[in-house]
**Student:** 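Dumping the structure here so I can ask a few things about it.
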Protein chains: 2
Amino acid sequence: MSKTTASDALRGSGRVSAETKARVLAAAAALGYVPNGSARHLRRASTGTIGLHVPEVLTRSVYYMAFVFGVVQGAADNDYDVTLITSGRRTPRVDGLVLGDPMADDPLVARLMSAGLPTVTCERFPGAGQADGVVLSQHAETVGALMDHLSASGASRPALIVAGDASDWAAAVHGGFRDWCARHGMEPQVRTVPFDAPADEVRRAARELLALRPEIDALVCGPAGAAAGIGPLLREEGRTPGRDLLLASCVDSQAMQLADPPITSIDLRPREAGVRCAELLFDLLAGRARPGAERVHPIELIVRDSTRRA
Amino acid sequence: MSKTTASDALRGSGRVSAETKARVLAAAAALGYVPNGSARHLRRASTGTIGLHVPEVLTRSVYYMAFVFGVVQGAADNDYDVTLITSGRRTPRVDGLVLGDPMADDPLVARLMSAGLPTVTCERFPGAGQADGVVLSQHAETVGALMDHLSASGASRPALIVAGDASDWAAAVHGGFRDWCARHGMEPQVRTVPFDAPADEVRRAARELLALRPEIDALVCGPAGAAAGIGPLLREEGRTPGRDLLLASCVDSQAMQLADPPITSIDLRPREAGVRCAELLFDLLAGRARPGAERVHPIELIVRDSTRRA
DNA sequence: CTGTGGTGCCGGAACGTTCCGGCATGTCGG
DNA sequence: CCGACATGCCGGAACGTTCCGGCACCACAG
C-alpha cells in the first residue's frame with residue numbers, strides 16, 4: 001500500500017481497483033485521517049482560501065453582515081475558506097478576492113485591485129481599472145420604480161439624501177434619481193452626506209433640507225438605517241410621515257420594518273449577492289467565466305405605509 | 001548565498017552578519033519576494049489562521065459585525081488570518097478558535113468545542129465543557145446598575161423581555177434582573193422570547209405583557225434593536241415612553257441613539273471584546289496564559305432620555 | 001508466439017520553507 | 001603554539017501531499 005495509491009483512492013483520481021479503494025477509505029475513516037491543507041496547497045500551488053473585504057462601516061452593518069455570510073456560504077459550497085481582509089495587513093495569500101462595495105478612495109481597495117489576483121466586486125469599482133468579475137444590481141432603475149411609486153402616491157417635490165459618489169451604489173442611486181426627475185420635469189433636490197455618516201448627521205441634513213425647501217413632499221434616504229431616525233424628526237417639525245411627507249429608504253432593514261410608520265424601501269438581498277459574488281469568483285478561477293464578466297443580481301422594492309398616504 | 005542564509009536574514013534568526021542581512025533584504029525587496037505561506041505552515045505545523053464563529057442572527061448584526069472586526073484586528077496584530085466558520089463545513093484547519101456567544105443548542109458550536117483546538121469564547125459556553133479561555137463581561141452587575149438607575153428614576157414595577165437561557169449573556173441578564181428584584185423586594189416580571197426573535201415578535205411580547213400587567217412602569221429589553229420598535233407601540237397604547245413608562249435596552253446600537261426618545265442602554269463595546277478574545281487566544285497559543293483563563297471585558301451603562309423622566 | 005493496449009499499483013521527485021548539524025575562519029587566553 | 005569558543009555561512013533533510021513515469025500482469029488480435 002503506497003502513499004500514491006492511498007492518495008489516489010482518497011481523491012478518486014488515478015487507477016485504483018474498487019476493492020483497494022474501499023480498503024483505503026475504511027482505513028482512513030478508522031484512523032481519523034485528515035489531509036494536511038498546507039501540504040496540499042503547497043503542492044497544488046493554491047491556498048484554498050479567498051479574501052473578502054467590505055467597507056468597515058457599522059451603519060451598514062446589517063447589509064454587510066448578510067453579505068459576508070453569503071460569501072462564506074458560496075465559498076463553502078466550493079470547499080473554500082474565506083478570510084477577512086481589513087486594513088493594515090500585507091496582501092494576504094489567497095486565490096482570489098471578493099470586494100463588497102469597493103470605494104474609490106479606499107487605499108486598501110486600491111492595493112487589492114492591483115494585487116493581480118482574480119477579483120470580483122459587488123457593484124463596479126468607481127476608481128481606475130475594473131475587476132475580473134462584477135456582480136451588480138439595477139439600482140438606478142429600481143430608484144426609478146420607487147420614484148414612479150412616490151409620484152403615483154401624489155408626490156411632486158421629491159428630495160434625496162445620498163452618500164457622495166465614492167461608491168458605485170451611491171452614484172447609481174444619485175444618477176437614477178436625477179434621471180427620473182429630468183424625465184418627469186421635476187427639479188431634483190439632492191443633499192449628499194459622507195458614506196459612513198452617522199444617523200444624526202443624516203438627520204441634520206434632512207432638517208436643513210426641509211428648512212430650506214419646505215415644499216418638499218417626498219424624501220428618499222440613501223444611507224442604511226438613517227431613514228428610521230427621520231420619522232421622529234418630522235413629527236418634531238409638525239409633519240406627518242406617510243401623509244404630508246412620503247418617506248423611503250434605499251436600503252431595507254429591520255429598522256425600516258419597525259419604524260413608525262414602516263418605511264418603504266429597497267430590499268438589496270445582500271446574502272444572495274454574497275453567494276453570487278463567490279460563485280462568479282469560482283467560475284472565473286475554474287475558467288467557466290471569462291474576465292470582464294458581469295452578472296445582474298435582482299433587488300426589490302418593498303412598499304410600506306410610509307408612502308401609501310393611506 | 002544559500003537559501004538558509006536568506007531565510008535566516010529575512011526572519012532575523014540564526015547567525016547572519018549585518019552586511020549580508022542588508023543585501024538579502026534589498027534583494028528580496030527588489031524581486032518582490034513574498035514567502036509562501038503554505039510551505040511555511042507545512043514546515044512549522046501551524047496554519048497561521050484562527051477560526052471565528054458567531055451566531056448567524058441578523059438582528060444582532062451590528063454587535064457581531066463589530067465583534068468580528070475586533071477579532072480580525074487582534075489577529076492581524078499577531079500576523080494571523082481569520083476565517084469565518086459557518087455550518088456545513090468540515091472542521092477547518094486552523095490553530096485556534098474564537099466563538100462569539102456560543103449557544104448551548106448550536107450543534108456546530110458543540111462540534112467546535114470538542115474539536116480539541118485551543119478555544120476562546122466570548123461569554124461562557126452554557127453547554128457541557130468549557131473553553132480554554134473565556135472573555136466575559138459583568139452583565140448581571142450592569143443590569144443591576146441599570147435597575148438602580150430605573151429605580152432612582154421612580155420605577156417600582158419593572159419588567160424584562162429577554163432571550164431564553166441558551167446563551168450565557170441572556171442567562172446573565174435574566175439572572176441579574178431577578179436578583180436585583182429579589183434584593184429590592186420587587187416581583188420580577190419576565191417574558192422570554194427566542195434568541196433570534198424578529199422585532200415584531202418582541203413587540204408582540206411587549207404588548208401582551210403590558211396588557212396583562214398594566215401597572216408595569218419600566219421595561220428592559222434584552223434583544224438588540226428590539227427596544228427601538230417599542231416606542232411606537234407604547235404611543236399607540238396611549239403611553240409615553242420616558243415618562244409613564246421607562247424604557248431601556250441591554251444592547252446599545254445606533255437605533256437606540258436614534259429612537260424617539262433615545263433609549264438608555266448598555267454599551268457592550270463589541271469591537272474591544274473581539275480584540276480581547278483574539279489576544280487571549282494568542283496568549284494561550286504562546287503559553288502566556290494558562291487553560292482556564294478568564295478575562296473581564298468592561299461594559300458601560302449609557303443613560304438617555306427614555307429613562308430620565310425629564 | 002508476438003505485439004499492442006489496458007489495468008493496478010508504485011517509487012521518486014517536487015512544491016518552498018525551516019531546522020539541525022557541521023565546516024571554515026577568526027580571536028583569545030593559557 | 002595549541003585548545004576553546006564564537007561567528008558566519010551552508011548542505012541536507014524534513015514537513016505531507018500530488019504528479020509523472022514506469023513496472024508487472026493480463027487479455028486479445030494478428
Side-chain angles (χ1 to χ4, degrees), chain A residues 1-51 78-81 83 89-96 115-118 285-287, chain B residues 1-49 78-81 83 89-96 115-117 282 285-287:
Chain A
M1 178 58 54
S2 83
K3 54 196 164 68
T4 305
T5 307
S7 173
D8 285 344
L10 288 168
R11 292 175 308 125
S13 69
R15 291 181 302 219
V16 189
S17 72
E19 189 211 356
T20 310
K21 179 167 177 176
R23 264 192 308 140
V24 169
L25 291 182
L31 299 174
Y33 167 80
V34 178
N36 180 308
S38 300
R40 169 172 292 178
H41 297 139
L42 172 60
R43 181 66 239 237
R44 293 202 195 163
S46 88
T47 66
T49 304
I50 61 174
N78 288 269
D79 247 336
Y80 260 73
D81 287 324
T83 101
R89 204 98 157 64
R90 72 214 178 300
T91 310
R93 300 217 36 107
V94 294
D95 294 343
L117 288 166
L285 286 172
Chain B
M1 177 58 53
S2 83
K3 53 196 167 65
T4 305
T5 308
S7 174
D8 285 345
L10 288 168
R11 292 176 306 125
S13 69
R15 292 179 302 216
V16 190
S17 72
E19 189 211 356
T20 311
K21 180 168 178 176
R23 265 192 308 140
V24 169
L25 291 181
L31 298 174
Y33 167 81
V34 178
N36 180 309
S38 300
R40 168 172 294 181
H41 297 140
L42 172 60
R43 183 65 240 242
R44 293 198 193 163
S46 89
T47 66
T49 304
N78 288 269
D79 248 334
Y80 261 72
D81 286 325
T83 102
R89 203 99 158 63
R90 70 213 178 299
T91 309
R93 297 214 41 102
V94 294
D95 294 343
L117 288 166
F282 293 117
L285 286 172

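In what follows, every chain begins at residue 1, and chains take the letters A, B, ... in the order their sequences are listed.
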**Student:** Measuring to OP1 and OP2 of C/dG16, would you say a side-chain N or O of B/R43 lies under 4.0 angstrom away?
**Tutor:** no
**Student:** Look at the side chain of A/S2 and the base of C/dG11, then say whether one donor and one acceptor between them are separated by less than 3.5 Å.
**Tutor:** no
**Student:** Ignoring hydrogens and geometry beyond distance, is the side chain of B/T5 in donor-acceptor contact with the base of D/dG8 at under 3.5 Å?
**Tutor:** no
**Student:** What nucleotide, of C/dT18, C/dC15, D/dC19, holds the atom closest to the side chain of A/R11?
**Tutor:** D/dC19
**Student:** Starting at CG of B/N36 and ending at P of D/dT17, how long is that distance when rounded to a whole Å?
**Tutor:** 16 Å
**Student:** Taking only the side-chain heavy atoms of A/Y33 (C-beta and beyond), determine which of C/dT17, C/dC15, D/dT17 contains the nearest atom.
**Tutor:** D/dT17
**Student:** Would you tell me if any nitrogen or oxygen in the side chain of A/R44 comes within less than 4.0 Å of OP1 or OP2 on D/dT18?
**Tutor:** yes
**Student:** With rounding to the nearest 0.5 angstrom, report the CZ to OG distance, B/R93 to A/S38.
**Tutor:** 6.0 Å
**Student:** Grab the NZ-P distance between B/K21 and D/dT7 for me, whole Å please.
**Tutor:** 15 Å
**Student:** Using whole Å, report how far CD of B/E19 lies from P of D/dC9.
**Tutor:** 8 Å
**Student:** Heavy atoms under 4.0 Å, any strand shown: does A/R15 hit a base, just sugar-phosphate, or nothing?
**Tutor:** base
**Student:** From C-beta outward on A/T4, which listed nucleotide comes closest to its side chain: D/dT18, C/dG16, D/dC19?
**Tutor:** D/dC19
**Student:** Report the distance from atom NE2 of A/H41 to atom P of C/dG16, rounded to the nearest whole Å.
**Tutor:** 15 Å
**Student:** Does any N or O in the side chain of B/D95 come within less than 3.5 Å of the main-chain N or O of B/G48, such that one atom is a donor and the other an acceptor?
**Tutor:** yes
**Student:** Let's see if you can work this out: which of D/dC10, D/dT18, D/dT17 has an atom nearest to the side-chain heavy atoms of B/D8?
**Tutor:** D/dC10
**Student:** May I ask you to say what A/S17 touches in the nucleic acid, namely base, sugar-phosphate or nothing, with a heavy-atom cut-off under 4.0 Å?
**Tutor:** sugar-phosphate
**Student:** Where each residue is assigned the nucleotide of DNA chain D containing its nearest heavy atom, which of A/S13 and B/A39 is assigned the position nearer the 5′ end?
**Tutor:** B/A39
**Student:** Are the side chain of A/T49 and the backbone of A/T47 linked by a donor-acceptor contact shorter than 3.5 Å?
**Tutor:** yes
**Student:** Distance from A/L117 atom CG to A/I50 atom CD1, nearest 0.5 Å?
**Tutor:** 11.5 Å
**Student:** Using a distance-only criterion (donor-acceptor N/O pair, under 3.5 Å, no hydrogens), is the base of D/dG12 paired with the side chain of B/K3?
**Tutor:** yes
**Student:** Return the CZ to CZ distance between B/R11 and B/R40, rounded to the nearest 0.5 Å.
**Tutor:** 7.0 Å
**Student:** What's B/T20 touching, base or sugar-phosphate or nothing? Going by heavy atoms closer than 4.0 Å.
**Tutor:** sugar-phosphate
**Student:** Rounded to the Å, how far apart are A/L42 CG and C/dA14 C1'?
**Tutor:** 9 Å
